[in-house]
Amino acid sequence: MLLDALHRLTSGELGSGGHYGSGGDDDGGAGHVGSRFAALSLSAIHVQHGLSEHADDWALHCAALCRERGIPLRIVRLPPFDSKGEGLEAAARRLRYAAFAECNADWLALAHHRDDQAETVLLRLLRGAGVAGAAAMPEERRLYGALRLIRPLLTQSRAALAAYATRRGLSWVEDDSNTDLQLRRNFLRHKILPEIEPLFPGARAALARAAEHFAESAQLLDDLAQADRSHLAPTGGPLPVAGLQTLSPARARNLLRHEMRMAGLRAADARWLDEALRQLATSTPTLCLSTADGDLRVFRGELFVCPRQPPLPARLDWSLDAGAALPWGGAPISMGAAFGEGISRARLAGRELYFAPRAGGERLRPDAKRPRRSVKKLLHEHALPPWQRERLPFLWCGDDLVWVAGLGVDAAYACAPGEPGLVLRWQEWRESGGV
């Protein structure tokens, strides 16, 4: 139904454009939608989880639907995945959104509707969610980079969408798992809400309105957290632990929750936050508080929120003509041509080159006027937190250490004035510093 509406826009029947996608009970689509639907292209993505025996049939249905309308379709088939520790639905959702995040689009349009929103509010309230959780699904948010997620059908009821589909003679697929009452959302949908509505007519619409009120309150809490952060860390960077302790418990929890969410960590409950604040009040220089998504760490009196990072390679071979960027631990090592700065290209030409993480005992001479020094001491002088030191890329030329992210180039490989050079930068070094 969302695809049909977007197709009518892009084809000129209603206006223009988007990118639709599908992939689960709570998802609908993806896309390019903007500039008042003027000159936009529509494409589709379908994420096949492989959890249903009918998964292949659903993919065929999507393919036929898009073929009839001339819409490009990409099908992403997920490999078998382990849901241990988070549950099957949560794991499938995480992988689905990871696939959506790779869409080459400006807008990702999902087909959630008002009944989905009502069910989500009720489900989260029963789980003890706070204001942000009870706000349920926003109509629009940034998903990844410039890609924005939108839900244009969030104000429409399931009945209204079914009537629309029937009028236009549309065909659709019913997920057989939607009738499984062992799933909590289905139990609320088929058992609880039908019992509520005779006594509270319009209950679904009221719950959806409540989500809007919760969203407004959540925005106010975010504004308060931003104000507190600006006061405690006016120049940005990590929060001072001493400053965090000057806030009231409620405001400290709110700021800590905000910091974690901004770093991509799932919100912790009030009891965990209270314990975290208690430990921060008596923190040691090496305090580390772990969550499923990352850690809260203290270094030199400052609080760092550290998301889980991908593992580093033991060794990454490289050549001068390998390209402008190289992935390292989830962030790129960028490489730019220069003259009279960076690493001498002539010194690297024809040599064995590779990147490797810190092993210990390395020595570097970034200043030609000073002797070679221990990398450990140099990193300590730069006040880089210990957990970040272990993730730095080291460039080696044979047995010679050439470059360390953040420390610079060894003097023996430094580019002479006017000589072609190569400037390396590691994005994570530039962006890390607090959150």
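In this chain, residues are counted from 1 in sequence order.
One finds no salt bridge joining Asp293 and Arg308 here, because no Lys/Arg side-chain nitrogen approaches an Asp/Glu carboxylate oxygen to under 4.0 Å. A salt bridge links Arg158 to Glu119: at least one charged side-chain nitrogen sits closer than 4.0 Å to a carboxylate oxygen. The pair Arg189-Asp115 does not meet the salt-bridge criterion, since no charged nitrogen lies less than 4.0 angstrom from a carboxylate oxygen. For the pair Arg315 and Glu352, the salt-bridge criterion is met [side-chain N within less than 4.0 Å of a carboxylate O]. Note on Arg151 versus Glu140: no salt bridge recorded, every NZ/NE/NH1/NH2 to OD/OE distance being 4.0 Å or above. Electrostatic pairing of Arg209 and Glu212 does not count as a salt bridge here, judged by no charged N lying under 4.0 Å from a carboxylate O. In summary, Arg365 and Asp367 do not engage in a salt bridge, as defined by a charged side-chain N under 4.0 Å from a carboxylate O. Ion pairing of Asp106 with Arg148 is absent here, as no side-chain N (NZ or NE/NH1/NH2) approaches a carboxylate O to less than 4.0 Å.
Judged by the 6.0 Å distance and 45° axis criteria, Arg93 is positioned over the aromatic ring of Tyr97.
The closest side-chain heavy-atom distance from Asn254 to Leu247 is not below 4.5 Å. Between Leu255 and Glu259 the shortest side-chain heavy-atom distance falls below 4.5 Å. The shortest side-chain heavy-atom distance between Met137 and Asp116 falls under the 4.5 Å cut-off. In this structure, Arg358 and Leu379 have side chains that are in contact, with non-hydrogen atoms separated by less than 4.5 Å. Side-chain contact between Trp328 and Pro357: present, with at least one pair of heavy atoms (C-beta onward) separated by less than 4.5 Å. Using a 4.5 Å heavy-atom threshold, the side chains of Arg391 and Trp426 count as touching. Within the 4.5 Å cutoff, the side chain of Val305 has no heavy atoms near those of the Arg297 side chain. Looking at Gln309 and Pro307, their side chains come closer than 4.5 Å, going by heavy atoms from C-beta outward.
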N/O donor-acceptor pairs under 3.5 Å from side chains in residues 413-423, not counting sequence neighbours:
{"residue": "Tyr413", "atom": "OH", "partner": "Asp400", "partner atom": "OD2", "Å": "2.7"}
{"residue": "Glu419", "atom": "OE1", "partner": "Ala416", "partner atom": "N", "Å": "2.9"}
{"residue": "Glu419", "atom": "OE2", "partner": "Ser344", "partner atom": "OG", "Å": "2.5"}

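For Asn186 against Asp180, the heavy-atom pair with the smallest separation is ND2-O, 3.0 Å. The two residues Arg257 and Ala268 make their nearest non-hydrogen contact at NE-O, 4.2 Å. Between Val131 and Ser217, the closest heavy-atom pair is CG1-CB, 3.7 Å. Between Leu312 and Gly329 the shortest heavy-atom distance is CD2-CA, 3.5 Å. Taking both residues in full, the closest heavy atoms of Leu78 and His49 are given as CD1-CD2, 3.6 Å, listed atom of the first, atom of the second, then distance. Pairing each heavy atom of Val121 with each of Ala136, the nearest pair is CG2-CB, 3.7 Å.
The number of heavy atoms from other shown groups lying within 6.0 Å of CZ (Arg261) is above 12. Within a 6.0 Å radius of CZ in Arg300, more than 12 heavy atoms belonging to other residues, nucleotides or ligands are found. Counted within 6.0 Å of CD on Glu390, heavy atoms from surrounding residues, nucleotides or ligands total more than 12; the atom is thus considered enclosed. Within a 6.0 Å radius of CD in Gln182, other residues, nucleotides and ligands contribute 12 heavy atoms or fewer.
Applying side chain to side chain contact (heavy atoms under 4.5 Å, CB included) to Phe394 and the options Val375, Val402, Leu407 leaves one that passes, Val375. When each of Val404, Leu316, Ile333 is checked for a side chain to side chain contact (heavy atoms under 4.5 Å, CB included) with Pro393, only Ile333 meets the rule.
At distances below 3.5 Å, not a single donor-acceptor pair connects side-chain atoms of Thr246 with backbone N or O atoms of Ala242. No donor-acceptor pair closer than 3.5 Å links the side chain of Trp272 to the backbone N or O of Thr291. Remark: the backbone N or O of Cys306 is not paired with any side-chain donor or acceptor of Asp295 at under 3.5 angstrom. Between the Arg425 side chain and the Met335 main chain, no donor and acceptor come within less than 3.5 Å of each other. Looking only at distances, no side-chain donor or acceptor of Arg124 sits under 3.5 Å from a matching main-chain atom of Ala129. No donor-acceptor pair closer than 3.5 Å links the side chain of Gln117 to the backbone N or O of Arg204.
The closest side-chain donor-acceptor pair between Asp176 and Ser52 falls under 3.5 angstrom. Side-chain contact check for Asp222 and Gln226: no donor-acceptor pair (N or O, by modelled atom type) lies under 3.5 Å.
Atoms CH2 and SG, from Trp318 and Cys397 in turn, are 9.5 Å apart once rounded to the nearest 0.5 Å. The CG atom of Leu287 lies 6.0 Å from the CD atom of Gln279; values are rounded to the nearest 0.5 Å. The CZ atom of Arg229 lies 10.5 Å from the CG atom of Leu244; values are rounded to the nearest 0.5 Å. Rounding to the nearest 0.5 angstrom, the gap separating the CZ atom in Arg114 from the CG atom in Leu161 is 9.5 Å. Rounding to the nearest 0.5 Å places CG of Asp228 at 9.5 Å from CG of Leu239. Rounding to the nearest 0.5 Å places CG of Leu125 at 11.0 Å from CZ of Arg127.
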Next item on the list: Evaluate the side-chain contact (heavy atoms from CB on, under 4.5 Å) criterion for residues Glu275 and Arg278: first the C-alpha distance (whole Å), next the side-chain angles of each, then the deciding distance (0.1 Å), finally the verdict.
Entry: CA-CA 5 Å; Glu275 176 59 21; Arg278 186 192 69 78; 2.7 Å; yes

Next item on the list: I would like to know whether Phe304 and Glu302 meet side-chain contact (heavy atoms from CB on, under 4.5 Å); could you show each step before the answer?
Entry: CA-CA 7 Å; Phe304 293 77; Glu302 294 181 320; 3.9 Å; yes

Notebook entry, point to check: Checking salt bridge (charged side-chain N to carboxylate O under 4.0 Å, His left out) for the pair Glu362/Lys376: CA distance, chi angles, key distance, verdict?
Noted result: CA-CA 8 Å; Glu362 298 91 349; Lys376 179 179 180 180; over 6 Å; no

Next item on the list: Would you please test Trp396 and Phe355 for side-chain contact (heavy atoms from CB on, under 4.5 Å) and show each step?
Entry: CA-CA 6 Å; Trp396 293 85; Phe355 290 92; over 6 Å; no

Next item on the list: Decide side-chain contact (heavy atoms from CB on, under 4.5 Å) for Arg142 and Leu149; before the verdict, give the C-alpha distance in whole Å, the side-chain angles of both, and the deciding distance to 0.1 Å.
Entry: CA-CA 6 Å; Arg142 184 176 72 86; Leu149 182 152; over 6 Å; no

